[in-house]
Visitor: 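One structure follows; several queries about it will come next.
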2 protein chains.
Amino acid sequence: MDTNFDKKIFIENFKHNCNRIKIKNFVKGETVTTYIEKRNQICFVLSGEVDLIRYDFNGNKTIIGHFVDNDVFGEVFYPANTNNELFVTARKNSEILFYTYDSLFTKCRRNCDFHKELTNSLSELFLDQIVSLNLRIELLTKRNIREKLLAYFEILTKGSIRKTFTLPYSYTDLADFLSIDRSAMMRELKLLADEGFIKKNGSKITLLY
Amino acid sequence: MDTNFDKKIFIENFKHNCNRIKIKNFVKGETVTTYIEKRNQICFVLSGEVDLIRYDFNGNKTIIGHFVDNDVFGEVFYPANTNNELFVTARKNSEILFYTYDSLFTKCRRNCDFHKELTNSLSELFLDQIVSLNLRIELLTKRNIREKLLAYFEILTKGSIRKTFTLPYSYTDLADFLSIDRSAMMRELKLLADEGFIKKNGSKITLLY
DNA sequence: AAAAAACTGTTGCAATTGCAACAAAAATGA
DNA sequence: TCATTTTTGTTGCAATTGCAACAGTTTTTT
């Protein structure tokens, strides 16, 4: 995230008591919110990590989204028609800011500083969100497991010279994130290792190409 | 798209000659822009339809995105690291507004009306874009061809009582959009018809459930 | 109006992926 | 610390998907 968005301003303004804002802490595993009913709130990750989860009728779990520092989420970003039950759970202990709105783009009557700052920041936050959603689509449109894995590794090593990294997910979760079967993914990882493309040691992976 | 964004204001302001804006017309099949180099521009669809296309090294074409009235696109929305050549082509004759920026979130020195309007509208445009990207992710995370098709049909019939619709894509393009093999998709459509879930007549489909 | 190009519908076969199951290892928590 | 739960690594088998190919249809271009 390379926005200029300053979370200190949020918290500062919270102390000034804009009544539309609430900050809550969640422990790992706790449900942060659901997308089942309209809540008219935007959620910001102040710290920690949360996942947007979907279970389908076969019991398949999919990690639809994964949100970290300064990411925004909430039912307002989600198309209304999907008849899935989506919910957000904390992957780590997390601090979440909830901003409740009547109409997102009208100014609050108090014209509080927070709200001004929010309006200015929204575009930037949204833009960042678009970029990361596009990155996700880039992954999901890959045609097979191998390409999904390699594209994901590409992201993890992006910008760094080192070709070794530790996966931020468990393998179970990684499969759910890439929307593929775990055992098929493990098999493909083994193939990638056997064919000399990667070296794999637990959750530490080195790219050899 | 249910924004309050008013494209007339854009065009009006164009006449007032903000030098950051250009409007161009493209005929079907023409390349609108590429995401290969940094162009510092946001593109708006004023009319028509354009596709964001990726070809992978196997020659597979994927329709990464599809943009219609009031949608925004451009390389600024795309993660920098993907080493694919992405380009946008006109699916229909289209009218595209290009907005060139130095820094997206600083005001242009002239402080022209267009720019004010833009700043105010950006959040809304971006929010809409997020929603449609999430819808796309919803599709792409479905675990098999059948579920992708049914989820896509769901979108097409959303809001309407009628369960009959004409596909807005050719079958070839639909497969590229869902990131699946065309012949496998045709086979699945046939199965869906044989099993009585849909009725299919050319590009006209009726849901029977 | 004829020729060329693109799209549809279909199939056999091969490759990939998903499913189920289980033992071993690691992480969690009581 | 010990018991329980979760994750990892693996495999055989079945189901799904992709690939290649081709004939017929429709659309586009000349």
Side-chain angles (χ1 to χ4, degrees), chain A residues 27-30 51 53 55-63 89-93 139-150 166-195 198-205, chain B residues 27-30 51 53 55-63 89-93 139-150 166-195 198-205:
Chain A
V27 300
K28 187 177 171 176
E30 233 182 317
D51 291 333
I53 306 288
Y55 285 99
D56 68 21
F57 56 89
N58 290 316
N60 284 318
K61 175 184 171 187
T62 303
I63 300 176
T89 52
R91 163 175 297 277
K92 301 185 173 172
N93 292 349
L139 280 185
L140 291 170
T141 50
K142 297 294 179 184
R143 294 303 177 98
N144 53 44
I145 293 179
R146 172 167 297 205
E147 282 182 47
K148 283 184 183 174
L149 285 170
L150 293 180
T166 301
L167 288 173
Y169 288 139
S170 69
Y171 284 109
T172 304
D173 286 345
L174 179 56
D176 291 340
F177 182 69
L178 297 177
S179 201
I180 54 185
D181 179 72
R182 184 190 62 87
S183 68
M185 186 189 76
M186 298 299 278
R187 181 169 38 211
E188 194 62 39
L189 281 168
K190 196 164 184 305
L191 283 175
L192 279 168
D194 290 350
E195 294 172 27
I198 65 170
K199 211 170 71 180
K200 174 173 173 299
N201 188 341
S203 64
K204 220 179 74 181
I205 290 177
Chain B
V27 300
K28 188 177 171 176
E30 234 183 316
D51 291 332
I53 306 286
Y55 285 99
D56 68 21
F57 56 87
N58 289 316
N60 283 318
K61 174 184 171 186
T62 303
I63 300 176
T89 53
R91 162 175 297 277
K92 301 187 173 170
N93 293 349
L139 280 184
L140 293 170
T141 50
K142 297 293 178 184
R143 294 304 176 96
N144 52 46
I145 292 180
R146 173 168 296 206
E147 281 181 48
K148 283 184 183 172
L149 285 169
L150 294 180
T166 301
L167 288 174
Y169 288 139
S170 70
Y171 283 109
T172 303
D173 286 345
L174 180 55
D176 291 340
F177 181 68
L178 298 177
S179 201
I180 54 185
D181 180 71
R182 184 189 63 86
S183 68
M185 185 189 78
M186 298 299 278
R187 181 169 36 209
E188 194 61 40
L189 280 168
K190 197 164 183 305
L191 283 176
L192 279 168
D194 290 350
E195 295 172 26
I198 65 170
K199 211 171 73 182
K200 174 174 173 299
N201 188 341
S203 64
K204 218 178 74 180
I205 289 177

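Naming: A, B, ... by sequence-line order, numbering from 1 per chain.
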Visitor: Is any side-chain N or O of B:T172 closer than 4.0 Å to OP1 or OP2 of C:dT8?
Guide: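 Yes, B:T172 has a side-chain N/O under 4.0 Å of OP1/OP2 on C:dT8.
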
Visitor: In whole Å, what is the span from the OH atom of A:Y171 to the P atom of C:dA27?
Guide: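 Going from OH in A:Y171 over to P in C:dA27 covers 13 Å.
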
Visitor: When the distance from CG of A:N60 to P of D:dA15 is rounded to whole Å, what number comes out?
Guide: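 My rounded result for the distance is 17 Å.
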
Visitor: So B:K148, base contact, sugar-phosphate only, or nothing? Heavy-atom distance under 4.0 Å.
Guide: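 The answer is nothing, as B:K148 stays clear of every strand by at least 4.0 Å.
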
Visitor: Side chain of B:I145: nearest nucleotide among C:dA20, C:dT17, D:dG18?
Guide: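 Closest of the options to the side chain of B:I145: D:dG18.
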
Visitor: Determine yes or no for a side-chain-to-main-chain donor-acceptor pair under 3.5 angstrom, with B:Y171 supplying the side chain and B:G202 the backbone.
Guide: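 Looks like yes, one N/O pair under 3.5 Å.
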
Visitor: Write down the distance between CZ (A:R91) and P (C:dT28), rounded to a whole number of angstrom.
Guide: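 Going from CZ in A:R91 over to P in C:dT28 covers 12 Å.
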
Visitor: Using heavy-atom distances to pick each residue's nearest nucleotide on DNA chain D, tell me which of B:N144 and A:N201 is more 5'.
Guide: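 Upstream on the strand: A:N201.
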
Visitor: Find which nucleotide of DNA chain D each of B:S179 and A:S170 is nearest to by heavy atoms, and output the residue with the more 5' nucleotide.
Guide: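 Going by which nucleotide is closer to the 5' end, it is A:S170.
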
Visitor: Can you check the A:R187 CZ to C:dT17 C1' distance for me, whole Å?
Guide: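 So the two atoms are 7 Å apart, to the nearest Å.
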
Visitor: Any side-chain heavy-atom pair from A:K61 and A:D173 closer than 4.5 angstrom?
Guide: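 They are in side-chain contact.
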
Visitor: Between C:dC19 atom P and B:R143 atom CZ, what is the distance in whole Å?
Guide: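 Those two atoms, CZ and P, are 8 Å apart.
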
Visitor: Quickly work out the A:L149 CG to C:dT16 P distance and round it to whole Å.
Guide: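 It works out to 14 Å between those atoms.
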
Visitor: Specify the separation, in whole Å, of atom CG of A:D176 and atom P of D:dT7.
Guide: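 Rounded to the whole Å, the gap is 9 Å.
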
Visitor: Want to settle it: does A:R146 or A:R182 sit nearer the 5' end of DNA chain C, counting the closest nucleotide to each?
Guide: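 So the residue in question is A:R146.
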
Visitor: Does the side-chain contact (heavy atoms from CB on, under 4.5 Å) test come out yes or no for A:Y169 and A:D176, once each step is laid out?
Guide: CA-CA 10 Å; A:Y169 288 139; A:D176 291 340; over 6 Å; no

Visitor: Quick one: does B:D56's side chain get under 4.5 Å of A:E147's, heavy atoms only?
Guide: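 When only atoms from C-beta onward are counted, A:E147 and B:D56 do touch, with a gap below 4.5 Å.
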
Visitor: Please determine if a side-chain N or O atom of A:K28 lies less than 4.0 Å away from the OP1 or OP2 oxygen of C:dT28.
Guide: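 For C:dT28, OP1 or OP2 has a side-chain N or O of A:K28 closer than 4.0 Å.
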
Visitor: Within the 4.5 Å heavy-atom criterion, are A:L140 and A:S179 side-chain neighbours or not?
Guide: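 Of all side-chain heavy-atom pairs linking A:S179 with A:L140, at least one is under 4.5 Å.
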
Visitor: With respect to the side chain of B:M186, which nucleotide from D:dT17, C:dG18, C:dT8 is positioned closest?
Guide: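 Comparing D:dT17, C:dG18, C:dT8 against the side chain of B:M186, the answer is C:dT8.
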
Visitor: Whole angstroms only, please: what is the CG-P distance between A:D181 and D:dC13?
Guide: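 In whole Å, D:dC13 P lies 18 Å from A:D181 CG.
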
Visitor: Give one of base, sugar-phosphate or nothing for A:K200, where a contact means two heavy atoms less than 4.0 Å apart.
Guide: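 Touches sugar-phosphate only.
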
